[in-house]
There are 2 protein chains.
Amino acid sequence: MHPDHLPEDCRPISNLLSRIGDKWTILVMRVLEQGEPIRFKELHRAIGGISQRMLTVTLRHLERDGLVIRTVYPTIPPRVEYELSERGLGLQQAMVPLFEWTKDNARDIYQSQIAFDLAKDKAVT
Amino acid sequence: MHPDHLPEDCRPISNLLSRIGDKWTILVMRVLEQGEPIRFKELHRAIGGISQRMLTVTLRHLERDGLVIRTVYPTIPPRVEYELSERGLGLQQAMVPLFEWTKDNARDIYQSQIAFDLAKDKAVT
DNA sequence: CCGCATCCTACGTGATACTG
DNA sequence: CAGTATCACGTAGGATGCGG
């Protein structure tokens, strides 16, 4: 059922992108990029529009992949801090060209989409 | 509802990654990367496990973003060829570091996941 | 041969309320 | 403060059959 007979490089990349390509991961990593450990609540505020649940889920994924480090201080009230790991930092750096490309092409892509949708509508008419 | 008050760079990047980060886009682009125009059926065979529908959807998205070029030869039977556009090629190149990073870190990430899941199970016990 | 339309299922996402 | 549990919803994805 899965593309097992593809060049081996493709699936891991596709899998990785599927995970970091979700709705929030990039946003979270970008906030974490500052280097400073940051608390859950701060993250929640820094990232607009994310629910508590999705922030938790996203952080768990990142932690599971060893991309962020989670530190718990068993105080009362509890205090939990998140920071990018070495690996996470490396991923950030690997994504820089993609960031650049996106910035350079976002407008053109948007134009293409408009044009495409327009042609579509005209075809219907 | 959306993270509108984030640094402007983040959302477009997140959006782009969401689209190219889906299950098939990377795989399709990788096959297209060869440079040769390629027919639908060939693509379908080259990419194992993809349904006809998802291949169509994926190609439409890529076409809409101006990343692939779709050429129709109105012969009988019909002949449709796909190839990477300039823009698509640029995206490919921008992703090279990410590909490299993934190749270098895939194993470590996998290990982290195992360890994480194990710790989880132990916690339950 | 190409790929669109339909139906259906699974999962990601979000809102809310509750626990340590 | 941090995180879990529950429910509800929308979209992605897969299977199948039809049309150009």
Side-chain angles (χ1 to χ4, degrees), chain A residues 1-4 11 14-15 17-28 31-32 37-64 68-83 116-117 119-121 123-124, chain B residues 1-4 11 14-15 17-28 37-64 68-83 116 119-120 123-124:
Chain A
M1 191 201 242
H2 281 286
D4 283 330
R11 269 177 312 113
S14 189
N15 289 339
L17 278 185
S18 293
R19 270 183 309 94
I20 70 172
D22 67 11
K23 197 171 179 180
W24 302 111
T25 296
I26 297 296
L27 267 30
V28 171
V31 175
L32 256 33
I38 181 174
R39 301 186 62 174
F40 185 89
K41 190 71 174 246
E42 293 179 88
L43 262 173
H44 194 212
R45 263 185 295 108
I47 306 169
I50 190 173
S51 66
Q52 220 176 19
R53 170 180 153 73
M54 287 320 296
L55 181 53
T56 301
V57 169
T58 303
L59 286 169
R60 282 297 172 284
H61 282 163
L62 287 169
E63 189 192 357
R64 192 171 105 100
V68 310
I69 298 170
R70 178 172 180 268
T71 313
V72 182
Y73 301 92
T75 57
I76 295 187
R79 172 189 186 83
V80 182
E81 287 186 346
Y82 296 90
E83 62 185 317
F116 184 89
D117 295 342
K120 202 107 221 175
D121 289 347
V124 175
Chain B
M1 190 201 243
H2 281 290
D4 283 329
R11 268 179 311 115
S14 189
N15 289 339
L17 279 185
S18 294
R19 269 183 309 95
I20 70 172
D22 68 10
K23 198 170 178 181
W24 301 110
T25 296
I26 297 296
L27 268 30
V28 171
I38 181 172
R39 302 187 61 174
F40 185 90
K41 191 69 174 250
E42 293 181 87
L43 262 172
H44 194 212
R45 264 185 294 106
I47 305 171
I50 190 173
S51 64
Q52 225 175 18
R53 168 180 152 74
M54 287 319 296
L55 181 53
T56 301
V57 170
T58 303
L59 286 169
R60 280 299 169 283
H61 281 163
L62 287 169
E63 189 192 359
R64 190 171 106 102
V68 310
I69 298 170
R70 177 173 180 268
T71 313
V72 182
Y73 301 92
T75 57
I76 294 187
R79 173 189 186 83
V80 183
E81 288 186 346
Y82 297 89
E83 61 185 319
F116 184 90
K120 202 108 219 172
V124 174

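All values below come from the heavy atoms of this structure, side chains included, with hydrogens, waters and symmetry mates left out. Just so we're on the same page: letters track the sequence lines, and every chain starts at 1.
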Open item on the list: Whole angstroms only, please: what is the CD1-P distance between B/Ile47 and C/dG3?
Closed with: 13 Å
Open item on the list: Counting only side-chain heavy atoms from C-beta out, which of C/dC4, D/dG3, D/dG14 sits nearest to B/Ser51?
Closed with: D/dG14
Open item on the list: Taking donor-acceptor contacts at under 3.5 Å, does the side chain of A/Arg53 reach the base of D/dG3?
Closed with: no
- [ ] Please step through side chain to side chain contact (heavy atoms under 4.5 Å, CB included) for the pair B/Phe40 and B/Arg79, ending with a clear verdict.
- [x] CA-CA 8 Å; B/Phe40 185 90; B/Arg79 173 189 186 83; over 6 Å; no
Open item on the list: Closest approach to the side chain of B/Pro78, judged atom by atom: which nucleotide of D/dG13, C/dC2, C/dT13 is it?
Closed with: C/dC2
Open item on the list: Does a side-chain N or O of B/Tyr82 approach OP1 or OP2 of C/dG3 to a distance below 4.0 Å, or not?
Closed with: yes
Task: Residues A/Thr25 and A/Asp22: side-chain donor-acceptor under 3.5 angstrom - done: yes
- [ ] Kindly point out which of C/dT13, C/dC2, D/dA2 is positioned nearest to the side chain of A/Phe40?
- [x] D/dA2
TODO: Report the residue (A/Pro77 or A/Thr56) whose heavy-atom-nearest nucleotide on DNA chain D is the more 5′ of the two.
DONE: A/Pro77
TODO: Dump the intermediate steps for side chain to side chain contact (heavy atoms under 4.5 Å, CB included) on B/Leu27 and B/Ile50, then the final yes or no.
DONE: CA-CA 10 Å; B/Leu27 268 30; B/Ile50 190 173; over 6 Å; no
TODO: Find the distance B/His44:NE2 to C/dC1:C1' and express it as a whole number of Å.
DONE: 13 Å
Task: Proximity to the side chain of A/Gln52 - top-ranked nucleotide from D/dT4, C/dG3, D/dG14 - done: D/dT4
TODO: Please state how far atom NZ in A/Lys41 lies from atom C1' in D/dG3, giving the value in whole angstrom units.
DONE: 12 Å
TODO: Check the distance between C/dG12's P and A/Leu55's CG and give it to me in whole angstrom.
DONE: 17 Å
Open item on the list: So if I take every side-chain heavy atom of B/Arg60 and compare against D/dG3, C/dC4, C/dG3, which nucleotide ends up nearest?
Closed with: C/dC4
Open item on the list: Just the rounded figure in Å: distance from P of D/dA2 to CD of A/Glu63.
Closed with: 15 Å
TODO: Take the protein atom CD1 of B/Ile76 and the nucleotide atom C1' of D/dG20, then report the distance between them rounded to whole Å.
DONE: 9 Å
TODO: Nearest whole angstrom, please: distance from the P of D/dG20 to the CZ of B/Arg79.
DONE: 23 Å
- [ ] Identify whether any heavy atom of B/Arg19 sits under 4.0 Å from a base atom; if not, whether one sits that close to sugar-phosphate; answer base, sugar-phosphate or nothing.
- [x] nothing
Open item on the list: Let's go through B/Arg60 and B/Arg70 carefully: what are the C-alpha distance in whole Å and the side-chain angles of both, what is the deciding distance for side chain to side chain contact (heavy atoms under 4.5 Å, CB included) to 0.1 Å, and is it a yes or a no?
Closed with: CA-CA 9 Å; B/Arg60 280 299 169 283; B/Arg70 177 173 180 268; 3.2 Å; yes
Task: Length of the CD1-P vector between A/Ile50 and C/dT13, whole Å - done: 9 Å
Task: Audit row: B/Leu43, B/Leu59, side chain to side chain contact (heavy atoms under 4.5 Å, CB included) steps and yes/no - done: CA-CA 10 Å; B/Leu43 262 172; B/Leu59 286 169; 4.0 Å; yes
- [ ] Please work out if B/Tyr73 contacts a base, only the sugar-phosphate, or nothing of the nucleic acid, heavy-atom cut-off 4.0 Å.
- [x] nothing
